[in-house]
Amino acid sequence: MRQTMVDAREQIHTALAALDTTVPYTLRGRYPKGTAEGNVITWAEYSNVSTDCPVVDQISFQVDLWTQTPEERRALAEAVNRAMCGIGLRRTYAGMDGYDENTGGYYRKTFRFGRKVDKRWGRLMD
């Protein structure tokens, strides 16, 4: 099956906004200031670099989970992974499960997803 990435940002936002989960969350582009904000998923373009082929770029997006409990972190991690892989990206990095005191006590998980893209047609490729 050929998958295309017409507008990566729009497709990623749509996929993350419609996660198949019962865990409540807010989706946004900046890190939370404290746990009073509830569960938060942040995402941003991590890199977009050219390759040795002039019509192929390597794209990568980072998704961070900030949750109230480890159980919510696990549930959201599974849902995020399904959603991002479902639009054709591949997980290229999964950070350790952590607890972040600097943000007021969030349980945190970081992922990166990416793939090569043929710029002429927006086709994802290996």
Side-chain angles (χ1 to χ4, degrees):
M1 173 172 66
R2 212 183 274 197
Q3 295 187 323
T4 59
M5 189 64 47
V6 176
D7 179 348
R9 286 186 175 105
E10 182 177 326
Q11 286 176 274
I12 290 167
H13 183 270
T14 299
L16 292 175
L19 293 180
D20 182 17
T21 183
T22 58
V23 176
Y25 66 94
T26 302
L27 179 62
R28 61 182 203 203
R30 67 177 178 84
Y31 298 112
K33 294 179 182 174
T35 55
E37 297 183 56
N39 298 321
V40 176
I41 297 175
T42 59
W43 68 280
E45 185 174 57
Y46 183 74
S47 69
N48 186 340
V49 296
S50 59
T51 64
D52 56 352
C53 180
V55 297
V56 176
D57 281 351
Q58 176 74 40
I59 62 170
S60 180
F61 289 83
Q62 182 164 311
V63 179
D64 289 286
L65 310 178
W66 309 84
T67 65
Q68 306 287 310
T69 68
E71 295 77 21
E72 290 171 319
R73 178 183 56 206
R74 279 192 293 279
L76 285 179
E78 291 172 13
V80 164
N81 191 61
R82 279 192 310 271
M84 297 294 278
C85 293
I87 61 172
L89 297 176
R90 295 194 173 131
R91 189 178 63 240
T92 60
Y93 173 80
M96 298 183 330
D97 292 345
Y99 180 77
D100 194 337
E101 291 180 10
N102 295 329
T103 57
Y106 271 110
Y107 290 89
R108 184 174 179 198
K109 181 79 171 180
T110 298
F111 291 109
R112 288 191 198 117
F113 297 90
R115 193 104 182 253
K116 288 183 181 176
V117 178
D118 185 319
K119 297 186 296 185
R120 296 169 293 185
W121 301 288
R123 185 172 57 91
L124 298 173
M125 49 191 301
D126 295 324

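- Between Asp97 and Arg74, none of the side-chain N atoms (NZ, or NE/NH1/NH2) sits under 4.0 Å from a carboxylate O, so this pair counts as no salt bridge.
- In this structure, NZ on Lys119 lies 8.5 Å from CG on Asn48, to the nearest 0.5 angstrom.
- To the nearest 0.5 Å, atoms OG1 (Thr21) and CD (Glu72) are separated by 9.0 Å.
- Taking all atoms of both residues into account, the shortest heavy-atom contact from His13 to Trp43 is CB-CZ2, 3.6 Å.
- In this structure, Arg115 and Met125 approach most closely via the heavy-atom pair NE-O, 3.3 Å.
- No option in Val80, Thr92, Ile12 other than Val80 meets the side chain to side chain contact (heavy atoms under 4.5 Å, CB included) test with Phe113.
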Practice task
Step by step, work out the side-chain contact (heavy atoms from CB on, under 4.5 Å) result for Leu89 and Ile59.
Solution key: CA-CA 9 Å; Leu89 297 176; Ile59 62 170; 4.2 Å; yes
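- Ring planes of Tyr106 and Trp66: perpendicular class, angle over 60° (limits at 30 and 60°).
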Exercise for the section: Would you please test Leu19 and Leu27 for side-chain contact (heavy atoms from CB on, under 4.5 Å) and show each step? Expected result: CA-CA 10 Å; Leu19 293 180; Leu27 179 62; over 6 Å; no
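- The minimum heavy-atom distance linking Arg28 with Lys33 is given by the pair NH2-N, 4.2 Å.
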Exercise for the section: Please test Tyr25 against Leu65 for side-chain contact (heavy atoms from CB on, under 4.5 Å), starting from the C-alpha separation and ending with a verdict. Expected result: CA-CA 9 Å; Tyr25 66 94; Leu65 310 178; over 6 Å; no
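- With values rounded to the nearest 0.5 angstrom, Asn39 atom CG is found 8.0 Å from Thr26 atom OG1.
- The line from CZ of Arg90 to OG of Ser60 is 13.5 Å long, rounded to the nearest 0.5 Å.
- Pairing each heavy atom of Ala83 with each of Ala15, the nearest pair is CB-O, 3.9 Å.
- Val23 and Phe111 fall within a single hydrophobic cluster, where Ile, Leu, Val, Met, Phe, Trp and Tyr side chains are chained together by heavy-atom contacts under 4.5 Å.
- The CG atom of Asn81 sits 10.0 Å away from the NZ atom of Lys109 when rounded to the nearest 0.5 Å.
- Cation-pi geometry between Arg112 and Tyr46 is met: under 6.0 angstrom from the ring centre, within 45 degrees of the axis.
- Note on Phe61 and Leu76: same hydrophobic cluster, where clusters join Ile, Leu, Val, Met, Phe, Trp and Tyr whose side-chain heavy atoms are under 4.5 Å apart, directly or indirectly.
- Contacts classified as ring-ring contact (aromatic ring centres under 6.0 Å, His included) and involving residues 76-95 (residues at least two apart or in different chains) are not found.
- Side-chain contact, Thr110 with Asp64: a donor N or O sits under 3.5 Å from an acceptor N or O.
- Note that the CZ atom of Arg91 and the CE atom of Met84 stand 11.5 Å from one another [nearest 0.5 Å].
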Handout entry: Stepwise side-chain contact (heavy atoms from CB on, under 4.5 Å) test for Arg30 and Thr42
Key = CA-CA 6 Å; Arg30 67 177 178 84; Thr42 59; 5.7 Å; no
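- In this structure, Val63 is not a member of the same hydrophobic cluster as Tyr31, with clusters built from ILVMFWY side-chain heavy atoms closer than 4.5 Å.
- Of all heavy-atom pairs spanning Thr35 and Gln68, the tightest one is O-NE2, 3.0 Å.
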